[in-house]
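Index from 1, following the sequence. Both backbone and side-chain heavy atoms feed into the values below; hydrogens, waters and symmetry mates do not.
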Amino acid sequence: MTDESGAEVRPADPCALVIFGAAGDLTRRKLLPALHNLARNGLVTRDLAIVGVAMDPLTDETFRARLAEAARELGPAGVDAGVLAAQQARCFYVAGRFDDPAAYARLRDRLAEVHRGGPTGGNTLFYLATPPAFFATIAEQLGAAGLVRAPGTAGGWTRLIVEKPFGRDLASARELNRRLLAVFDEAQIHRIDHYLGKETVQNILLLRFLNGIFEPIWNRRYVDHVQLTVAETLGVEGRGGYYETAGALRDIVQNHMLQLVCLVAMEPPISLVGEAVRDEKVKVLRAIRPLTAAELREATVRGQYGAGRIDGTAVPAYRDEPSVARDSVTETFAALRLFIENWRWAEVPFYLRTGKRLAAHDTEIVVQFRRAPLALLPPEAGPQQPNRLTIHIQPDERITLRFEAKRPGPHLRMTPVEMQFAYDDLEGDSRSTGYETLLYDCMVGDPMLFHRADMVEAAWTVVTPILEAWAASPPRDFPNYAAGSWGPAVADALLARDGRRWVPPE
Ligand code: BG6
């Protein structure tokens, strides 16, 4: 079988995919469209069974209608009517409470029928798309109902995908790991980070390790500093209740941004299969130097948006969003400076910033190189700008390299110019929700893009002291940035103190 670009693809072995939280937003917006997209591209066969589980009183028919509606409205590449009809025929629903053993007995009977009705070989993938409070309970109930088969036993594999957030600090993440690992083997658990499903994020590894020109200069000798920005124009979009328990540090930095740091900073893995990549990533997390008491005060910044304008439209302050406390001290912006203490990166600052309701939607990584050692041209030729490699992750997927060139004319004058690679220029279908790769990888048993228990704990080890320091001294200046701005002024001061500035997104 080939995909739309003509490349050979291997469909995943058929399985029963059981989605807990099947009536929720994630299932509608991402999982169902991604499953249809996978089927359209021949990456799953029509034998894949989808079993939705939730408290809502749906039926097989109404769940099938939801699949069709989600694929039509949100499918990134449109709908194939024949493929959709086949998918609907293998789509089922079990209503029940996540803590009710009777629901699991019904699920067990339903799964037995599903496995009898198609060549799934008993393979079962459980997807926890529920609020995090249910993660451990569901795993334990699955175990008690005899639905978890140990790896290597006959009768098909059992795997588990766990959505974020995975814990809310180091202690709770450890406790969740402990409870999941009492039922599942680590090799069966796939802790998802949807950032790792993005094409350009995966491309960071290939850019660095499949090209000979970047690695020799990818270190403290040539790199001045690294900036990572995850800027959203969106607010909390009706998720105020969740966001009040999270904040920007937990929501974005602990998972997505630290994963980006790992991809930029890791050593070359010995292979792109198996555990090699995850081994290198966890070394980066462990090498992040704990912040000193002074750094916790001066090298971390938090903010919360007040009212403002986004694209010309007035938007309310965070504290005026639904389900948000009027005196909330939850941060909707976070910035920090980290150092990775190893031979490659010692003394190279990594600056991270993320926020909601910022001036532009933009996720990018800037690797700024040191200036050339000698300024050959006089000051009137213009300031000599450092070289920069920018990996634009969204909304447009591009990589640009900035360097100095001579301005045409009789005088020696400089101007910065850019070489650019745009992902859109490549052939192939990159239209995806980001979940296709992750679902497919889990079905074929490739763990590379998922968080391992030790990675999650190492990431919480980085972030927990900041959370604690912030909790111990509540902010007195919230809201401290207007919606539609680039965050609080103190975030600029963080870099200015080091003689640097945030690179303005284009
Ligand atoms: C999620 C966060 O993990 O990532 C959201 O919970 C955030 O708050 C989202 O909006 C951003 O993802 P993306 O893919 O739109 O950058």
Side-chain angles (χ1 to χ4, degrees), residues 20-21 98-99 128-143 160-196 239 241-259 261-262 278-279 281-293 295-297 299-300 302 325 328-332 334 336 338-341 352 354 450-475:
F20 287 90
F98 301 139
D99 57 358
L128 306 188
T130 65
F134 292 113
F135 293 167
T137 306
I138 296 172
E140 286 159 359
Q141 292 281 353
L142 289 171
L160 180 74
I161 295 184
V162 188
E163 261 298 331
K164 63 164 284 212
F166 197 93
R168 46 176 290 105
D169 54 19
L170 180 58
S172 55
R174 280 193 176 138
E175 174 62 7
L176 181 54
N177 273 332
R178 190 190 64 71
R179 289 178 68 184
L180 296 184
L181 288 164
V183 183
F184 289 87
D185 189 89
E186 174 63 32
Q188 297 175 297
I189 304 175
H190 297 71
R191 300 170 191 81
I192 211 162
D193 183 328
H194 80 280
Y195 256 60
L196 298 180
R239 293 160 75 224
Y242 152 73
Y243 203 81
E244 279 285 88
T245 66
L249 206 54
R250 288 188 175 94
D251 190 44
I252 300 281
V253 176
Q254 185 273 343
N255 38 63
H256 309 323
M257 292 195 88
L258 287 182
Q259 283 297 310
V261 170
C262 287
R278 303 204 293 181
D279 289 345
K281 282 181 170 182
V282 82
K283 284 188 207 162
V284 174
L285 294 170
R286 290 199 183 127
I288 294 176
R289 175 162 63 67
L291 300 184
T292 61
E295 283 175 320
L296 285 169
R297 281 193 308 277
T300 70
R302 55 190 151 161
S328 170
V329 291
T330 302
E331 82 284 356
T332 59
L336 56 139
L338 297 174
F339 287 99
I340 299 169
E341 276 197 337
L352 280 56
T354 182
F450 297 92
H451 294 202
R452 215 167 52 190
D454 55 350
M455 288 165 67
V456 176
E457 292 182 14
W460 279 119
T461 303
V462 173
V463 161
T464 301
I466 307 173
L467 290 168
E468 287 171 356
W470 285 1
S473 72

Inset, instruction - Please identify each residue that fulfils salt bridge (Lys or Arg N to Asp or Glu O under 4.0 Å) with R191, with sequence neighbours left out. - result: E186

Inset, instruction - Might you point out which heavy atoms bring V183 and A139 nearest each other, and give the distance in Å? - result: CG1-O, 3.4 Å

Inset, instruction - Under the side chain to side chain donor-acceptor pair (under 3.5 Å) rule, collect the residues that match up with R179, sequence neighbours excluded. - result: E140

Inset, instruction - State which residues pass ring pair (Phe, Tyr, Trp, His ring centres under 6.0 Å) with Y195; sequence neighbours excluded, sorted by chain then number. - result: H256

Inset, instruction - Sequence neighbours left out, what passes side-chain contact (heavy atoms from CB on, under 4.5 Å) with P131? Give chain and number order. - result: F134

Legend entry - Listed partners of R297 passing salt bridge (Lys or Arg N to Asp or Glu O under 4.0 Å), at least two apart: none

Inset, instruction - Return the minimal non-hydrogen interatomic distance between L285 and A458, and the atom names on each side. - result: CB-CB, 3.7 Å

Inset, instruction - Identify, with sequence neighbours excluded, every residue that meets side-chain contact (heavy atoms from CB on, under 4.5 Å) alongside E244. - result: Y318, V324, A325, S328, T330

Legend entry - E457: salt bridge (Lys or Arg N to Asp or Glu O under 4.0 Å) partners, not counting sequence neighbours: R174

Inset, instruction - Measure the spacing between CD1 of I138 and CG of L160 and express it to the nearest 0.5 Å. - result: 9.0 Å

Inset, instruction - Among residues two or more places apart or on two chains, list those pairs meeting ring pair (Phe, Tyr, Trp, His ring centres under 6.0 Å) that have a residue in residues 168-192. - result: H190-F450

Inset, instruction - To the nearest 0.5 angstrom, please state how far the NZ atom of K283 sits from the CD1 atom of I288. - result: 15.0 Å

Inset, instruction - Return the set of residues passing side-chain contact (heavy atoms from CB on, under 4.5 Å) with A187 (not counting sequence neighbours), or none when no residue passes. - result: D185

Inset, instruction - Would you mind listing every side-chain hydrogen bond (donor to acceptor under 3.5 Å, both in side chains) that reaches into residues 459-472, with sequence neighbours excluded? - result: T300-W470

Inset, instruction - Flag the pair K164 and D251 as a salt bridge only when some basic side-chain nitrogen lies within less than 4.0 angstrom of an acidic carboxylate oxygen. - result: yes

Legend entry - Residues which pass side-chain contact (heavy atoms from CB on, under 4.5 Å) with E163, listed by chain and number, not counting sequence neighbours: L26, Y127, F135, I192, Y435

Inset, instruction - Tell me, please, which residues at least two apart from R452 pass salt bridge (Lys or Arg N to Asp or Glu O under 4.0 Å). - result: E275, D279, D454

